[in-house]
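The structure appears below as structure tokens.
This one's a predicted model, so the numbers in the text were calculated from it and none came from an experiment.
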Amino acid sequence: MLSTEDNELLCRSGRGTLMGDLLRQYWLPALPSRELPEADGEPKKVRLLGEDLVAFRDTQGAVGLMAANCPHRGASLFFGRNEECGLRCVYHGWKFDVEGRCVDMMNEPESLHFKEKIFVASYPTVEVGGIIWAYLGSPEHTPPTPRQIQRPGQFLQAHHRTRS
């Protein structure tokens, strides 16, 4: 039987915990690809290692995985509109691409370039074998992506998206 301390050590996986930091060194299965079947489809709630996230497939088919709340007023991006290569917050209309960059701010003049200073936490994804994998660790220590899988009569292609 584990002690309470050992149980806490092994079961807590949030950022800054021993197990959380260990697991963030690897690509993790985030969700089945079938849960994001179409471009510009409905976003999906995902919880990985104690983090509430939102997954979506953009217009070009790339998968975005980002913090669940907009950095502006904390509105849930799950209720956002997935449109034209980004997820638009329903509160003030800020739109974020799959890499977490703010690409449109309807309430700010374009001349101020304010959108270039705004980001939402996002994580790289790779799609292999019908699974969307995510890497939640440090960008400078990103491990190799999961490999392509070959099955008899079938070859599954990996679709990579990494941090820029």
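The two residues Gly80 and Pro43 make their nearest non-hydrogen contact at O-CG, 3.9 Å. Nearest heavy-atom pair across Tyr91 and Ala75 is CB-CB, 3.8 Å. Between Leu77 and Ala67, the shortest heavy-atom distance links the atoms CD1-O, 3.6 Å. Closest approach of Ser33 and Ile132 over heavy atoms only: OG-CG1, 3.8 Å.
Remark: Trp27 CH2 to Thr125 OG1 distance equals 7.0 Å, nearest 0.5 Å. Atom-to-atom distance recorded for Leu2:CG and Leu9:CG is 9.5 Å, nearest 0.5 angstrom. Distance check, rounded to the nearest 0.5 Å: CG of Leu87 to OG of Ser122 gives 12.0 Å. Leu10 CG to Leu18 CG: the interatomic distance, rounded to the nearest 0.5 Å, is 8.5 Å. Atom CG of Leu48 sits about 9.0 Å away from atom OH of Tyr123, to the nearest 0.5 Å. From Ser3, atom OG reaches atom CD of Glu8 across 9.5 Å, with rounding to the nearest 0.5 Å.
Panel note: side chain Asp58, backbone Gly86; no donor-acceptor pair is recorded below 3.5 Å. Panel note: side chain Asn69, backbone Gly74; a donor-acceptor pair is recorded below 3.5 Å. Although no hydrogens or angles enter the test, the distance criterion places no donor-acceptor pair under 3.5 Å between the side chain of Lys115 and the main chain of Asp104. Side chain of Arg57 to backbone of Glu38: no donor-acceptor contact under 3.5 angstrom is found.
Residues Met105 and Leu112 form no side-chain contact, since every pair of their non-hydrogen atoms from C-beta on lies 4.5 Å or further apart. Two residues are said to be in side-chain contact when any heavy atoms from C-beta on lie closer than 4.5 Å; Met66 and Phe119 fail this criterion. Side-chain contact check for Thr145 versus Val128: every heavy-atom pair is 4.5 Å or farther apart. Put simply, the side chain of Gln60 reaches to within 4.5 Å of the side chain of Cys85, judged on heavy atoms.
Residues Val103 and Phe114 do not share a hydrophobic cluster, clusters being chains of Ile/Leu/Val/Met/Phe/Trp/Tyr side chains in contact below 4.5 Å. Hydrophobic clustering, with ILVMFWY side chains joined whenever heavy atoms are under 4.5 angstrom apart, keeps Met19 apart from Leu136.
Crowding of Gln25 atom CD: a count of heavy atoms from other residues, nucleotides or ligands under 6.0 Å exceeding 12. Remark: Glu84 CD is loosely packed, at most 12 non-hydrogen atoms of other residues, nucleotides or ligands lying under 6.0 Å away.
Of the candidates Phe79, Phe78, Phe96, Val54 forms a side-chain contact (heavy atoms from CB on, under 4.5 Å) with just one, namely Phe78.
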Begin from the C-alpha positions of Lys117 and Glu108 and carry the test salt bridge (charged side-chain N to carboxylate O under 4.0 Å, His left out) through to its verdict.
CA-CA 12 Å; Lys117 302 172 188 171; Glu108 292 291 331; over 6 Å; no

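Pairs of residues two or more places apart, or lying in two chains, that qualify as ring-ring contact (aromatic ring centres under 6.0 Å, His included) and include a residue from residues 36-76 are His72-His92, His72-Trp94.
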